[in-house]
Amino acid sequence: MNVVITEFEAKLENTRVILKNIAQEFSPAVFASSLAAEDMVLTDLILREKLNIGIFSLETGRLHTETLGMLDKVKATYGTEIVLYKPEASAVEAYVAQHGLNAFYDSVDRRKECCRIRKVEPLNRALAGNKAWVTGQRRAQAATRTELAVQEDDVAHGMQKFNPLADWSEEDVWHYIRSNNVPYNPLHDKGYPSIGCEPCTRAIQPGEDVRAGRWWWENPESKECGLHVVDGKLVRINKQAEKIGNQ
Ligand code: SF4
């Protein structure tokens, strides 16, 4: 693994300082965990240090069994239960009754409506009343994240948003996970570098973009779920950025 230890230790220490500062200066604060590799790094740092940052996940009702299994792994490892936010049952029922269970394959609008019901609305509920939220986003992870700041003014949610792993590489993430025996989603070992809802995520082939398995039937420019907003707008993939990477 290609990690320069001194650089990594500096990044890690910086991340610890950021998280401690969030816990002390921006309480109440919450961490939105997708239970993916980056988010397990932050979970480990928060729970080992017993930082005053709540952890929640969006249980969309369409997650992989392996992803749901991470909830038990977190509890077994750290003795902590991740708080789950689920979609409004009536909204899901209305969508399914009107369009069908898997209508997100029909059009971008139908897919975004499903994401709005199962992800965006629960996220808004989870964030309400907090001063700050934390994500596991990294700059190198996505074309939409190449200018990702460690701290952002999240105007849409009226709070600060922190991305403490903004400058971490994928190698840094896995170096931390392996060095600290952090539990991780077994789908990562089966060709899933990026994991979302089960029907909207597939494994990728070697050489494919790490984001290629997400909403793979769509044009890359439409690949947004609405969770991350910059300057009041959904982040978009522009043509040049599209060549660089992925969300
Ligand atoms: S990722 Fe797919 S199943 Fe999950 S909320 Fe979005 S459209 Fe619905």
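Computed over heavy atoms, backbone and side chain alike; hydrogens, waters and symmetry mates excluded. Numbering starts at 1 and runs along the sequence shown. Remember, it's 1-based here, ligands and their atoms both numbered in the order they're listed. The structure presented is a predicted model; accordingly, all values stated were derived computationally and were not measured.
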Is atom 8 (Fe) of ligand 1 less than 2.8 Å from an N/O/S atom of C197, whether that atom is in the backbone or a side chain?
no
Using atom types as modelled, flag every donor-acceptor pair under 3.5 Å from a side chain in residues 83-97 to any protein atom, sequence neighbours excluded.
| unit_1 | atom_1 | unit_2 | atom_2 | d |
| --- | --- | --- | --- | --- |
| Y95 | OH | R110 | O | 2.8 |

Suppose we screen for salt bridge (charged side-chain N to carboxylate O under 4.0 Å, His left out). Which residues come up paired with E81, at least two apart in sequence or across chains?
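Salt bridge (charged side-chain N to carboxylate O under 4.0 Å, His left out) list for E81, sorted by chain: K75.
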Is C115 close enough that one of its N/O/S atoms sits under 2.8 Å from atom 6 (Fe) of ligand 1?
yes
Straight-line distance of L58 CG to E121 CD, nearest 0.5 Å:
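Going from CG on L58 over to CD on E121, the span is 10.0 Å.
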Give the contacting part of R118 toward ligand 1: side chain, backbone, both or neither, where contact means a heavy-atom distance below 4.0 Å.
side chain
Closer than 4.0 Å to some heavy atom of [X] - which atoms of ligand 1 meet that?
X	result
R111	7 (S)
W215	1 (S), 2 (Fe)
C200	1 (S), 2 (Fe), 3 (S), 7 (S)

Do Y192 and N185 pair up side chain to side chain, a donor and an acceptor below 3.5 Å, judged on atom types alone?
no
L12 and L45: CA distance, side-chain angles, deciding distance, side-chain contact (heavy atoms from CB on, under 4.5 Å) verdict:
CA-CA 10 Å; L12 177 57; L45 288 168; 3.9 Å; yes
